[in-house]
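Beneath this line is the structure, given in structure tokens, with notes to follow.
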Amino acid sequence: KNEVEQSPQNLTAQEGEFITINCSYSVGISALHWLQQHPGGGIVSLFMLSSGKKKHGRLIATINIQEKHSSLHITASHPRDSAVYICAGGGGSQGNLIFGKGTKLSVKP
Amino acid sequence: EPEVTQTPSHQVTQMGQEVILRCVPISNHLYFYWYRQILGQKVEFLVSFYNNEISEKSEIFDDQFSVERPDGSNFTLKIRSTKLEDSAMYFCASSDVGQGNNEQFFGPGTRLTVL
């Protein structure tokens with residue numbers, strides 16, 4: 001069964017701190033998506049990775065295919081980064097996503 | 001920038017009633033999805049749709065659920081006889097490629113409350 005596990009579940013940081021969120025996934029997942037969910041509920045796609053590393057502004061996502069592990073890093077965190085960050089595996093042939101439980105990040109000023 | 005839209009943003013209904021949740025995917029996208037998120041839980045896949053038919057569905061997507069693309073723009077999710085446990089946020093998503101390694105664009109969600 002395809003599964004996605006995230007850690008930590010909750011994360012509190014001070015503004016400016018470097019943040020790492022981890023995700024492990026099972027066999028059968030061909031790509032890893034990182035998503036951001038705001039308090040209102042809306043979901044925004046941040047990255048899609050099948051290998052290597054991607055960077056967008058202060059966000060960096062990496063994936064290790066052999067270890068089936070991905071990380072999302074936020075450099076110089078800011079209170080506006082406060083949200084739930086979700087990793088999701090692309091496991092189905094039709095592209096449906098398998099979601100992790102999410103990491104609730106709170107960045108204090 | 002093109003976006004996925006969903007209506008209504010919030011729907012309140014009585015148990016046993018039928019509801020239709022509407023989505024307008026991004027216009028050149030071909031693959032459409034419904035997901036749901038029960039409060040406090042993770043997002044779960046319901047169904048994927050391509051070429052006017054269901055391509056994959058989860059165990060959650062039982063006979064009470066149906067999807068339709070009634071015209072060239074709308075994509076709907078119908079729940080025939082709602083139950084209390086159907087209360088959740090329902091997200092529509094679309095992508096231009098159906099493989100799991102392509103970005104999906106999510107709508108803002110419809111919060112369904114079943115009383």
Side-chain angles (χ1 to χ4, degrees), chain A residues 1-7 9-10 21 23-52 54 56 59 61 63 65 68 70 83-104, chain B residues 1-6 9-10 23 25-26 29-51 53-61 67 88-113:
Chain A
K1 184 181 171 184
N2 292 335
E3 288 181 338
V4 174
E5 299 287 339
Q6 265 184 263
S7 62
Q9 215 170 340
N10 292 284
I21 300 169
C23 180
S24 298
Y25 58 94
S26 61
V27 174
I29 286 174
S30 59
L32 213 291
H33 300 245
W34 282 101
L35 308 153
Q36 183 189 53
Q37 186 171 32
H38 284 283
I43 295 174
V44 174
S45 177
L46 298 174
F47 295 105
M48 192 283 300
L49 287 163
S50 52
S51 65
K54 285 189 177 177
H56 182 67
L59 301 178
I63 190 167
I65 296 166
K68 297 184 183 47
S70 177
V84 175
Y85 291 84
I86 303 170
C87 71
S93 60
Q94 296 299 323
N96 55 291
L97 298 179
I98 299 155
F99 287 75
K101 291 183 180 177
T103 294
K104 186 174 180 180
Chain B
E1 188 173 327
E3 57 181 19
V4 177
T5 59
Q6 288 185 243
S9 56
H10 192 182
C23 169
I26 292 172
H29 284 184
L30 301 174
Y31 295 83
F32 314 116
Y33 309 87
W34 283 102
Y35 296 92
R36 80 169 185 193
Q37 185 178 33
I38 294 170
L39 187 64
Q41 298 187 23
K42 64 181 179 180
V43 179
E44 300 171 291
F45 167 71
L46 290 178
V47 66
S48 58
F49 191 87
Y50 168 71
N51 199 25
E53 58 183 28
I54 290 173
S55 38
E56 195 164 355
K57 60 183 180 179
S58 71
E59 293 171 353
I60 303 166
F61 194 88
V67 288
M89 188 79 136
Y90 289 80
F91 293 101
C92 171
S94 70
S95 69
D96 57 358
V97 176
Q99 297 302 312
N101 56 352
N102 202 64
E103 185 178 9
Q104 291 185 18
F105 294 81
F106 288 80
T110 292
R111 184 169 298 283
L112 176 65
T113 302

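Just so we're on the same page: letters track the sequence lines, and every chain starts at 1.
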Using every non-hydrogen atom in the two residues, find where [X] and [Y] come nearest and quote the distance to one decimal.
| X | Y | value |
| --- | --- | --- |
| Lys42(B) | Gly100(A) | CB-O, 3.5 Å |
| Asn96(A) | Glu56(B) | OD1-OE1, 2.9 Å |
| Leu35(A) | Phe106(B) | CD2-CE1, 4.0 Å |

Answer yes or no: are there more than 12 heavy-atom neighbours, outside Lys54(A) itself, under 6.0 Å from its atom NZ?
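Check passes, neighbour count above 12.
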Would you say His10(B) has more than 12 foreign heavy atoms packed within less than 6.0 Å of its NE2?
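Yes, because the 6.0 Å sphere around NE2 of His10(B) holds more than 12 heavy atoms from other groups.
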Please round to the nearest 0.5 Å and tell me the distance separating atom CG of Leu46(A) and atom CD of Glu103(B).
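Leu46(A) atom CG to Glu103(B) atom CD measures 9.0 Å (nearest 0.5 Å).
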Interchain contact, Gln41(B) with chain A, by part (heavy-atom threshold 4.5 Å)
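For Gln41(B), no heavy atom lies under 4.5 Å from chain A.
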With chain A, which of Val43(B), Val47(B), Leu46(B) has the greatest number of heavy-atom pairs at distances under 4.5 Å?
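Going by pairs under 4.5 Å, I would pick Val43(B).
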Report yes if some heavy atom in the side chain of Phe91(B) is under 4.5 Å from a heavy atom in the side chain of Gln37(A); otherwise report no.
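Of all side-chain heavy-atom pairs linking Gln37(A) with Phe91(B), at least one is under 4.5 Å.
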Counting N and O atoms only, with roles assigned by atom type, does the side chain of Tyr35(B) sit under 3.5 Å from a partner on the main chain of Leu97(A), one being a donor and the other an acceptor?
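Yes.
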Part of Leu49(A) within contact of chain B (heavy atom distance under 4.5 Å)
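Neither; nothing under 4.5 Å.
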